[in-house]
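The structure appears right after this line, and notes come after that.
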Amino acid sequence: MTSDALPDFRTTVDILVTWTGAVTMLRYAHTLSRSRASTLEVRTLFLVLVLSATLLARGFLWLWPESAVLSIAVGIPASFLPFAATFFVEGLLRRHVPGPMKLFAIGATLTALVGTIAGAATADSELTSVFTKLFLVPLLLTLLSLGIILVSRDRSSLSRTENSLVRACMVVTLISLPLAATDFRLYTGWPVARMGTLGALLICYTLLRTPQENARLERWARDIGLLVGKSVLASALLSVLLREMEIWVFVDFFILVFALVISYAIWDRLRDSETSNRLTELLRYLASEYPASMKDFLRELKHLSLTADAELIAGDDLTRYDRGAVLRAMSGRSNVVALARLRQLRDSDTGTFDALETRGADELTDLLERKGVTHIGLLSDRPLQLL
């Protein structure tokens, strides 16, 4: 690439900002894919993947703006934004949106997809402008309709935490719309670097905050204000070093610095979420959807650090033991029995327990000691399965 073909300063900032957002969102998607995803996390993952693919391809398009192939590569994932946003809102509300809204979202996606491909295939600037509107109008109408659905939601059907998250996401969306408009600088005349990526990063940052942090909008605004303040300070220090910096260049630097600052905050939260202790990991598991079958339950236990070493005992492993005595020893108690309790039951000479119960305790004690474990749980009695 010759020096004349290199992008100018502002375009370079655009590319760095959008690629910063793409890498951060791919990191977020990686974390979501590794966790035991709830319905909201699954839908968030789809939205994040669509946004990250769009941002990644868009950076290359701004580097080579004449490429029709790159234009299509950006437009295809971007065209799925109406459907991805609808899919995400259903996760927020924990229920399906009305059928007509789903059909509208699918139609908006198809319309945007046709507009994207047709706009990239023509060299006529006027036709390109028309096809660009075919992409933007369906997206804006979809977001407007989803906003109405969120505002008119049945608040009593959601918890206080869920209502707080919905409210925070609505505020972020309202902020993101004018930021996204700056990405179309050729049509809006925006004088500085594009800021659409910042809206996507704000969504990720909000979703990663704890329920307590999202409970009050004042706290959310204060935390965002702190990030903005750090970015202004860093840009101001840079302007001191470069005394002849124009105000517009200062704004460009601020946009880039803010993208880096909020991305660092997102990475920091992602790291904390992946290093959670056993208790918080278990609480997240309990808050997720219940497994649909015993097979699913046993598979999920292997992904919890608290139960990763658990062993299923069934079938031939129990042929030496008296099924009736084992069930008798565990009856009337918690489904989980400790080895110390079984030893106490086995060695009791007070006559409180019957012979069958004592025999079952003796057999379970032998089983636990042979396996080298301290607790046993009853999963099912027909067939007999112990964990």
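Everything numeric here is computed off the predicted structure, so don't read it as measured data. Every heavy atom of this structure was used, including side-chain atoms; hydrogens, water molecules and symmetry mates were not.
Residues L226 and L208 do not share a hydrophobic cluster, defined by chaining ILVMFWY side chains whose heavy atoms lie under 4.5 Å apart. Residues V23 and M25 do not share a hydrophobic cluster, defined by chaining ILVMFWY side chains whose heavy atoms lie under 4.5 Å apart. If you chain together hydrophobic residues whose side chains sit under 4.5 Å apart, I255 and L233 never meet in one group. Hydrophobic clustering (side-chain heavy atoms under 4.5 Å, transitive across Ile, Leu, Val, Met, Phe, Trp, Tyr) keeps Y264 apart from L26. V240 and V257 fall into different hydrophobic clusters, where Ile, Leu, Val, Met, Phe, Trp and Tyr are joined by side-chain heavy atoms under 4.5 Å apart, directly or via other members.
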Discussion item. Run D268 and R271 through side chain to side chain contact (heavy atoms under 4.5 Å, CB included) and show every step you take.
Written reply: CA-CA 5 Å; D268 200 37; R271 185 187 67 248; 2.2 Å; yes

Practice prompt. Kindly indicate, with the supporting measurements, whether the criterion side-chain hydrogen bond (donor to acceptor under 3.5 Å, both in side chains) is fulfilled by T44 and E41.
Written response: CA-CA 5 Å; T44 301; E41 287 175 326; over 6 Å; no

Worksheet entry | Stepwise side-chain hydrogen bond (donor to acceptor under 3.5 Å, both in side chains) check, R216 with S164 | CA-CA 7 Å; R216 297 177 60 193; S164 299; over 6 Å; no

Discussion item. Show, in sequence, the C-alpha distance, side-chain angles and deciding distance for F46 and F83, and conclude whether the side chain to side chain contact (heavy atoms under 4.5 Å, CB included) test is met.
Written reply: CA-CA 10 Å; F46 180 63; F83 178 74; 3.7 Å; yes

Practice prompt. Start with the C-alpha gap between L16 and T12, add the side-chain angles, then the distance that decides, and say whether side chain to side chain contact (heavy atoms under 4.5 Å, CB included) holds.
Written response: CA-CA 6 Å; L16 291 176; T12 302; 4.2 Å; yes

Discussion item. Walk me through whether F104 and T86 qualify under side chain to side chain contact (heavy atoms under 4.5 Å, CB included).
Written reply: CA-CA 10 Å; F104 181 80; T86 304; over 6 Å; no

Discussion item. Test salt bridge (Lys or Arg N to Asp or Glu O under 4.0 Å) on E162 and R155; report intermediate values, then the result.
Written reply: CA-CA 9 Å; E162 290 169 329; R155 289 170 173 77; over 6 Å; no

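Side chains of T11 and D8 form a contact here, defined as non-hydrogen atoms less than 4.5 Å apart. Between R58 and T197 the shortest side-chain heavy-atom distance falls below 4.5 Å. Looking at heavy atoms from C-beta onward, Y205 lies in side-chain contact with L227 at the 4.5 angstrom threshold. For the pair L146 and M101, the minimum side-chain heavy-atom distance is below 4.5 Å. Within the 4.5 Å cutoff, side-chain heavy atoms of R153 are placed close to those of N163. Here the side chains of L165 and L207 are in contact, with some heavy-atom distance below 4.5 Å. Residues R219 and D223 have side chains in contact (heavy-atom distance under 4.5 Å, counting atoms from C-beta outward). Counting heavy atoms from C-beta on, the side chains of R94 and L158 come closer than 4.5 Å.
From L47, atom CG reaches atom CZ of F80 across 13.5 Å, with rounding to the nearest 0.5 Å. How far OG1 of T173 is from CG of L150: 7.5 Å, rounded to the nearest 0.5 Å. Here the OG-CD distance, from S71 to E66, works out to 10.5 Å after rounding to the nearest 0.5 Å. The structure places CD of E213 at 9.5 Å from CZ of R222, a figure rounded to the nearest 0.5 Å. For the atom pair L202 CG and L179 CG, the distance stands at 7.0 Å (nearest 0.5 Å). Here the CZ atom belonging to F87 is positioned 9.5 Å from the CG atom belonging to L45, to the nearest 0.5 angstrom.
Counted within 6.0 Å of NZ on K230, heavy atoms from surrounding residues, nucleotides or ligands total 12 or fewer; the atom is thus considered open.
Between the side chains of S157 and R95, at least one donor N or O lies within less than 3.5 Å of an accepting N or O.
Of all heavy-atom pairs spanning T161 and P211, the tightest one is CG2-CB, 3.3 Å. Across every non-hydrogen atom of P82 and A108, the tightest pair is CB-CB, 3.9 Å. The shortest heavy-atom contact between P77 and A53 is CB-CB, 3.9 Å. Minimum interatomic distance between A259 and L201 (heavy atoms only, all atoms of both residues): O-CD1, 4.0 Å. The two residues S79 and T109 make their nearest non-hydrogen contact at O-CG2, 3.2 Å. Closest of all the heavy-atom pairs between L51 and A200 is CD1-CB, 4.3 Å.
Listed by chain and number, the residues in a ring pair (Phe, Tyr, Trp, His ring centres under 6.0 Å) with F254 amount to none (sequence neighbours excluded). Residues satisfying the ring pair (Phe, Tyr, Trp, His ring centres under 6.0 Å) test with W19, not counting sequence neighbours, are F60.
Between the side chain of W190 and the backbone N or O of A193 there is at least one donor-acceptor pair closer than 3.5 Å. T182 contributes a side-chain N or O that, together with a main-chain N or O of M195, makes up a donor-acceptor pair within less than 3.5 Å. At distances below 3.5 Å, not a single donor-acceptor pair connects side-chain atoms of T206 with backbone N or O atoms of C169. Judged purely by atom type and a 3.5 angstrom limit, S67 has no side-chain atom pairing as donor or acceptor with the backbone of W64. Side-chain atoms of R167 come within 3.5 Å of backbone N or O of A215 as a donor-acceptor pair.
Aromatic rings from F253 and F9 are positioned such that their centres are separated by under 6.0 Å.
Of the residues D14, D183, D252, the one that meets the salt bridge (Lys or Arg N to Asp or Glu O under 4.0 Å) test with R194 is D14.
Figure legend: cation-pi geometry between R43 and F88 absent, as NZ or CZ is not positioned both under 6.0 Å from the six-membered ring centre and within 45° of its axis.
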